K.L.:
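A single structure is presented below for examination.
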Protein chains: 2
Amino acid sequence: MNLTNAWTILKDNGYKETSKRNQILELFSNDERYLTARDLLDVMQKDYPSMSYDTVYRNLATFVSLGILEETELSGERHFRMQCESDHHHHHFICMDCGKIKEIPVCPMDMLGAALPAYEIANHKFEIYGKCPECK
Amino acid sequence: MNLTNAWTILKDNGYKETSKRNQILELFSNDERYLTARDLLDVMQKDYPSMSYDTVYRNLATFVSLGILEETELSGERHFRMQCESDHHHHHFICMDCGKIKEIPVCPMDMLGAALPAYEIANHKFEIYGKCPECK
DNA sequence: TTTCTAATAATAATGATTACGATTTACCTT
DNA sequence: AAGGTAAATCGTAATCATTATTATTAGAAA
């Protein structure tokens with residue numbers, strides 16, 4: 001996902017182009033890591049001292065619902081990052097030191113097949129945590 | 001994990017036997033589901049009106065660190081349940097309606113083998129969410 | 001430009017979790 | 001059994017992330 005694609009999606013869904021939205025998206029474009037609402041606010045308040053939590057959270061929710069950002073929970077806090085470009089479903093290794101991620105091309109649900117016949121599966125979570133080669 | 005085993009572990013690690021601890025453990029023994037701190041407090045304040053959050057959270061942290069309880073994050077809240085008896089590593093299907101769980105005997109890490117050679121893997125999370133046969 | 005509505009700012013409220021000083025309790029020793 | 005001591009608990013306040021509220025601002029269409 002890049003800035004242009006993100007704006008196309010936003011415009012298609014009737015969202016207006018604002019400078020705050022643009023800066024939030026630019027921050028995610030320039031960072032591979034998962035970021036928290038606080039991370040964003042800290043950076044953005046340099047350029048926009050009046051930026052508020054409400055604006056951050058509202059836009060994060062919008063972006064996630066439109067598939068522009070993806071979200072995960074790390075040590076009790078919500079973290080966000082740009083939706084991966086990958087055209088196929090995948091999972092992530094997350095480095096607990098630098099926060100960088102690596103795509104895992106395998107999905108465990110493929111192996112499960114008919115292991116849960118009577119169950120209605122809504123979604124799933126598979127993440128691996130540790131240290132990347134650079135941090136090891 | 002049952003009450004007797006839990007108390008053996010606690011005693012071995014120098015923890016004292018208290019009625020509050022016992023009731024917390026009894027509640028988990030009688031419930032298959034994941035419970036929140038609030039769930040516990042609501043039930044326990046019937047018997048111990050003075051039970052405080054501090055006591056609940058402190059003991060939950062103790063129990064998790066000793067492997068008596070296991071913990072997961074569901075919709076932004078920490079949830080706890082008795083550690084499974086299973087002698088081998090496994091994962092869970094969690095019903096989003098009734099909260100009951102079902103053990104998944106497969107671990108995706110087995111399939112990954114040497115897929116992340118240069119990475120140091122600390123831990124992983126794999127959970128499936130949906131509706132169980134009864135709730136469907 | 002004017003107007004309409006979405007978006008934002010500033011701040012307060014909420015909900016979960018943690019912290020703290022005072023008190024009580026388990027349990028070890030005598 | 002009584003007393004001492006550190007652990008455990010209570011009551012409450014503080015903290016942290018997130019959400020809600022209300023007034024104001026700013027896209028963008030006419």
Side-chain angles (χ1 to χ4, degrees), chain A residues 3 6-27 34-66 68-69 71-81 99, chain B residues 3 6-27 34-66 68-69 71-81 99:
Chain A
L3 261 184
W7 276 119
T8 303
I9 295 171
L10 284 164
K11 289 300 184 67
D12 286 352
N13 288 87
Y15 289 94
K16 294 178 179 173
E17 181 165 356
T18 70
S19 56
K20 311 300 165 62
R21 273 190 184 133
N22 204 48
Q23 196 187 18
I24 294 174
L25 291 171
E26 276 180 349
L27 276 174
Y34 275 105
L35 303 174
T36 64
R38 172 168 291 279
D39 292 335
L40 289 178
L41 200 66
D42 287 347
V43 174
M44 287 188 294
Q45 284 190 335
K46 288 169 192 155
D47 290 2
Y48 298 95
S50 66
M51 175 73 75
S52 75
Y53 268 118
D54 186 82
T55 300
V56 171
Y57 278 108
R58 182 166 24 73
N59 282 307
L60 288 175
T62 301
F63 297 160
V64 169
S65 74
L66 294 174
I68 294 170
L69 296 182
E71 179 182 0
T72 193
E73 187 93 24
L74 296 173
S75 59
E77 265 184 281
R78 292 162 72 190
H79 288 63
F80 303 85
R81 56 164 277 130
Chain B
L3 260 184
W7 275 119
T8 303
I9 295 172
L10 283 164
K11 288 301 183 68
D12 287 352
N13 287 87
Y15 289 95
K16 295 177 178 172
E17 181 166 354
T18 69
S19 57
K20 312 301 164 61
R21 273 191 184 132
N22 204 49
Q23 196 186 16
I24 294 174
L25 290 171
E26 276 180 349
L27 276 173
Y34 275 103
L35 303 174
T36 64
R38 172 168 290 279
D39 292 336
L40 290 178
L41 200 66
D42 286 348
V43 174
M44 288 188 293
Q45 284 191 334
K46 288 169 192 156
D47 290 1
Y48 297 96
S50 66
M51 175 74 76
S52 75
Y53 270 117
D54 188 79
T55 301
V56 171
Y57 279 108
R58 181 167 24 74
N59 283 308
L60 288 175
T62 300
F63 297 160
V64 169
S65 74
L66 293 175
I68 294 170
L69 296 182
E71 179 183 0
T72 194
E73 187 93 24
L74 295 174
S75 59
E77 265 183 281
R78 292 162 72 191
H79 287 64
F80 304 84
R81 56 164 280 129

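Every chain is numbered from 1, with letters handed out A, B, ... down the list of sequences. Model, not experiment: these values are computed from the prediction. Computed from heavy atoms alone, side chains included, the values below leave out hydrogens, waters and symmetry copies.
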K.L.:
Assign each of B/Glu77 and A/Lys16 to its nearest nucleotide of DNA chain C by heavy atoms, then name whichever residue's nucleotide is nearer the 5' end.
P.N.:
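Counting from the 5' end, the first nearest nucleotide belongs to A/Lys16.
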K.L.:
Is the backbone N or O of A/Gly76 less than 3.5 Å from a side-chain atom of B/Arg78, with the two atoms forming a donor-acceptor pair by type?
P.N.:
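Answer holds: no.
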K.L.:
Restricting to non-hydrogen atoms, name the atom on B/Tyr34 and the atom on B/Glu71 that form the minimum distance, rounded to 0.1 Å.
P.N.:
CE2-C, 4.4 Å
K.L.:
Do the side chain of B/Asp39 and the main chain of B/Thr36 share a donor and acceptor less than 3.5 angstrom apart?
P.N.:
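Judged by distance alone, yes, a pair lies under 3.5 Å.
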K.L.:
For residues 35-43 of chain B, which residues have at least one heavy atom under 4.0 Å from DNA chain C?
P.N.:
B/Arg38
K.L.:
Are A/Leu35 and A/Val43 side-chain neighbours, meaning at least one heavy-atom pair lies under 4.5 Å?
P.N.:
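No. Closest side-chain heavy atoms not under 4.5 Å.
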K.L.:
Below 4.0 angstrom, which residues in residues 7-15 of chain B have at least one non-hydrogen atom near DNA chain D?
P.N.:
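Correct list: B/Tyr15.
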K.L.:
Does the side chain of A/Tyr48 reach to within under 4.5 Å of the side chain of A/Thr55, using non-hydrogen atoms?
P.N.:
no
K.L.:
Which heavy-atom pair separates A/Met44 from A/Gln23 by the least distance, and what is that distance?
P.N.:
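Closest heavy-atom pair between A/Met44 and A/Gln23: CG-OE1, 3.5 Å.
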K.L.:
At under 4.0 Å between heavy atoms, what does B/Ser52 touch on the DNA or RNA strands: base, sugar-phosphate, or nothing?
P.N.:
base
K.L.:
Tell me, do A/Leu40 and A/Leu60 make a side-chain contact under 4.5 Å, heavy atoms counted?
P.N.:
yes
K.L.:
For the residue pair B/Phe63 and B/Ile24, establish whether any side-chain heavy-atom pair is separated by less than 4.5 Å.
P.N.:
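In short, these two side chains touch, coming nearer than 4.5 Å.
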K.L.:
With a 4.5 Å heavy-atom cut-off, do B/Leu3 and B/Glu26 have their side chains touching?
P.N.:
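Yes, their side chains come closer than 4.5 Å.
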K.L.:
Could you check whether A/Asn59 gets within reach of a base, just the sugar-phosphate, or nothing at all, counting any heavy atom under 4.0 Å?
P.N.:
sugar-phosphate
K.L.:
Need one value for B/Arg58: base, sugar-phosphate or nothing, where a base atom within 4.0 Å counts as base even if backbone is also close, heavy atoms only.
P.N.:
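Touches a base.
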K.L.:
Kindly give the heavy-atom pair with the smallest separation between A/Ile9 and A/Asn13, and that separation in Å.
P.N.:
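The pair with the smallest heavy-atom distance is O-OD1, 2.8 Å.
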K.L.:
How long is the span from the NZ atom in B/Lys20 to the OG atom in B/Ser50, to the nearest 0.5 Å?
P.N.:
4.5 Å
K.L.:
Do A/Leu25 and A/Leu10 have side chains that approach each other closer than 4.5 Å (heavy atoms only, starting at C-beta)?
P.N.:
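Yes, close enough: below the 4.5 Å cut-off.
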K.L.:
For DNA chain C, whose closest nucleotide is more 5', that of B/Ser19 or that of A/Thr55?
P.N.:
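Its nearest nucleotide lies further toward 5', so the answer is A/Thr55.
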K.L.:
Reading DNA chain C 5' to 3', which nucleotide is the first, and which the last, to come under 4.0 Å of any heavy atom in chain B?
P.N.:
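Range of nucleotides within reach of chain B: C/dA16 to C/dC27.
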K.L.:
With B/Arg58, which residues qualify under salt bridge (Lys or Arg N to Asp or Glu O under 4.0 Å), at least two apart?
P.N.:
B/Asp54
K.L.:
Please work out if A/Ser50 contacts a base, only the sugar-phosphate, or nothing of the nucleic acid, heavy-atom cut-off 4.0 Å.
P.N.:
sugar-phosphate
K.L.:
Could you check whether any side-chain N or O of A/Arg21 sits under 3.5 Å from a backbone N or O of A/Lys16, counting only pairs where one atom can act as donor and the other as acceptor?
P.N.:
yes
K.L.:
Should B/Ile68 and B/Thr62 count as side-chain neighbours, where that means a heavy-atom distance under 4.5 Å?
P.N.:
no
K.L.:
Which pair of non-hydrogen atoms, one from B/Tyr53 and one from B/Arg38, has the smallest distance, and what is that distance?
P.N.:
OH-NH2, 3.1 Å
K.L.:
Note down the inter-axis angle between the two ends of the helix from C/dT1-D/dA30 to C/dT30-D/dA1, five pairs each, to the nearest 10°.
P.N.:
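The angle, to the nearest 10 degrees, is 30°.
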K.L.:
Give the first and the last nucleotide of DNA chain D, reading 5' to 3', that has any atom under 4.0 Å from a heavy atom of chain A.
P.N.:
D/dA17 to D/dA28
